[in-house]
Peer 1: 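Got a structure for you, questions after.
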Protein chains: 2
Amino acid sequence: MDEKTRPGPKRSLSADQIVDAALALFDGEAPSIRGVAARLGVRPNTLYTYLPDRAAMERALVDRFLAMADPDLLTGRRSWRRRVEDYACALRGVLLSHRGAAALLHTAPMDGPTSALVGERLLAIFVGAGLTPTHAARSTYAVIVHVLGSATLTAADLNGYTEQDIVTARLSVTIDPNILPLTAQTWPVVATWNTEEQFRWSLRTLLNGCAETA
Amino acid sequence: MDEKTRPGPKRSLSADQIVDAALALFDGEAPSIRGVAARLGVRPNTLYTYLPDRAAMERALVDRFLAMADPDLLTGRRSWRRRVEDYACALRGVLLSHRGAAALLHTAPMDGPTSALVGERLLAIFVGAGLTPTHAARSTYAVIVHVLGSATLTAADLNGYTEQDIVTARLSVTIDPNILPLTAQTWPVVATWNTEEQFRWSLRTLLNGCAETA
DNA sequence: GGACAACATTGCACACCGTACAGAGATAGG
DNA sequence: CCTATCTCTGTACGGTGTGCAATGTTGTCC
């Protein structure tokens, strides 16, 4: 088990370094094995000494992202709604600042230590809010779904542009009120679907529904 | 504009045929251009006569999936909650029966005619439920996020197994109550996160929150 | 009817991708 | 020193999306 006691040449890398490089190269989607290897000045095959396959790299990246949004935001003396909202927005920010990260979260299983921690804290929050353990578990999943789903949709739509760009671009589209009357009527709001404002609104609405079950 | 009036050989295919083939080959993820071409007995480049690129094929697939869940479920005399729930469950079913479809929905922009129709009908439902147009638009997006997010997470977890398989597999895992007390306590519920029951619960909870804003 | 322009389709090629496999060199314990 | 073990590389295979020039078919106009 001791790392020092095994024969063979010293390792020139570590799994962490690989994830670091992958994170640095992350742009729209998880970088290729070959790209990461190139940045590390190494042949692609070398990475297979540290990772079984590309999926492992993606899983490691997922855990990184979850940790980058500070899970401590889920604790503290603020109201429980506030704590959920703060962490949710932080996570959304991380996922949007790394395009494609959200899609990764949806693809790679979230079985890392950070996701367990986040789940536990969300459960604690809902129990503390007066929900039964069952409803707390249900609510926890509902919140996770909302955050990941929303971030993924927004990330796909943003595509590197700013929130404002998207809104104004959408506003410049005109909808035929004869075909889609309500869409046309509510277009100014629909145009803001991928904004933080909408994100907070739907999260709060969801939390209201959860609170009702207490 | 007349299709008949242009020179050159007759087209041997149509965009629809391509999407048909892609749908037939769909398994876990959208098939490759080369695979679809092979099934149609044609060289890969031929497809580029009908589609600008692979992304277009994916967008067309997305619209197909949305249409496969019957959007007419959104209309009728049933209660508005019921209509939303029915279509949502139908869409969930379609997305789960085609692994990887949900991820596609999240990646490819939903700008097809069916998504417009679904959006319009959801708006109508919420307006009919007494919400202001603004809140209706917000609620519509919240519902879309929930359905797609939930389906994507579940599809990734299901991975070809049945709902029951996943639940029992999860139940057989034991969580250390010293590290994650609430997770351990609520594990029987957490194990059912990827079931239709959880899906309906969170959707109803979300709809309750939406109804509150009326 | 013949010329011409527009078009669908193909063959070939390029630049990627993940990764399997065998071998070369380095390093530890015996 | 010997040998087992480990890292890293060279090479290769089968796959991907798609750009480009050539081929042959088809319609319209003179």
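Naming: A, B, ... by sequence-line order, numbering from 1 per chain.
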Peer 1: Measure the distance from CG on B/L25 to P on D/dT16 and round it to the nearest whole Å.
Peer 2: 11 Å
Peer 1: Would you say A/H106 and A/T152 are linked by a side-chain donor-acceptor pair, where the criterion is simply a distance under 3.5 Å?
Peer 2: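 There is such a pair (donor and acceptor under 3.5 Å, judged by atom type) between the side chains of A/T152 and A/H106.
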Peer 1: Checking contacts here: which listed nucleotide (C/dG11, D/dC8, C/dT19) is nearest the side-chain heavy atoms of A/I33?
Peer 2: C/dT19
Peer 1: Counting only heavy atoms not in B/R200 (residues, nucleotides, ligands), do more than 12 fall under 6.0 Å from its CZ?
Peer 2: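 Above 12, so yes.
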Peer 1: Hey, does the side chain of A/Y48 come within less than 4.0 Å of D/dC8's phosphate (OP1/OP2), counting only N and O?
Peer 2: no
Peer 1: In whole angstrom, give the distance that lies between atom CG of B/L51 and atom P of C/dT9.
Peer 2: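 Taking CG of B/L51 and P of C/dT9, I get 12 Å after rounding.
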Peer 1: Would you say the base of D/dG15 and the side-chain of B/R34 have a donor-acceptor pair closer than 3.5 Å?
Peer 2: no
Peer 1: Calculate the interatomic distance between B/N45 atom CG and D/dT16 atom P; express it in whole Å.
Peer 2: 13 Å
Peer 1: Relative to the 5' end of DNA chain C, which residue comes earlier, B/P9 or B/V42, by the nucleotide with the nearest heavy atom?
Peer 2: B/P9
Peer 1: Measuring from the side chain of B/S32 (C-beta onward, heavy atoms only), which nucleotide among D/dG27, C/dT9, D/dG17 has the closest atom?
Peer 2: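 The answer is D/dG17, which lies nearest to the side chain.
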Peer 1: Separation of B/E29 atom CD from D/dG17 atom C1', in whole Å?
Peer 2: 14 Å
Peer 1: NZ of A/K10 versus C1' of D/dC8: gap in Å, rounded?
Peer 2: 16 Å
Peer 1: What is the distance, rounded to the nearest whole Å, between atom CG of B/L47 and atom P of D/dT16?
Peer 2: 12 Å
Peer 1: For B/R43 and D/dG17, what is the distance between atoms CZ and C1' respectively, to the nearest whole Å?
Peer 2: 17 Å
Peer 1: Please report the distance, rounded to the nearest Å, between CZ in B/R54 and P in D/dG15.
Peer 2: 15 Å
Peer 1: How about B/S32 and B/R54: does a side-chain donor come under 3.5 Å of a side-chain acceptor?
Peer 2: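 On atom types as modelled, these side chains do not qualify, holding no pair under 3.5 Å.
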Peer 1: For B/E163 and B/T195, does a side-chain donor sit closer than 3.5 Å to a side-chain acceptor?
Peer 2: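 Not at all, the side chains of B/E163 and B/T195 share no donor-acceptor pair under 3.5 Å.
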Peer 1: If you go through the side-chain atoms of A/D53, does one of them form a donor-acceptor pair with the base of C/dG18 closer than 3.5 Å?
Peer 2: no
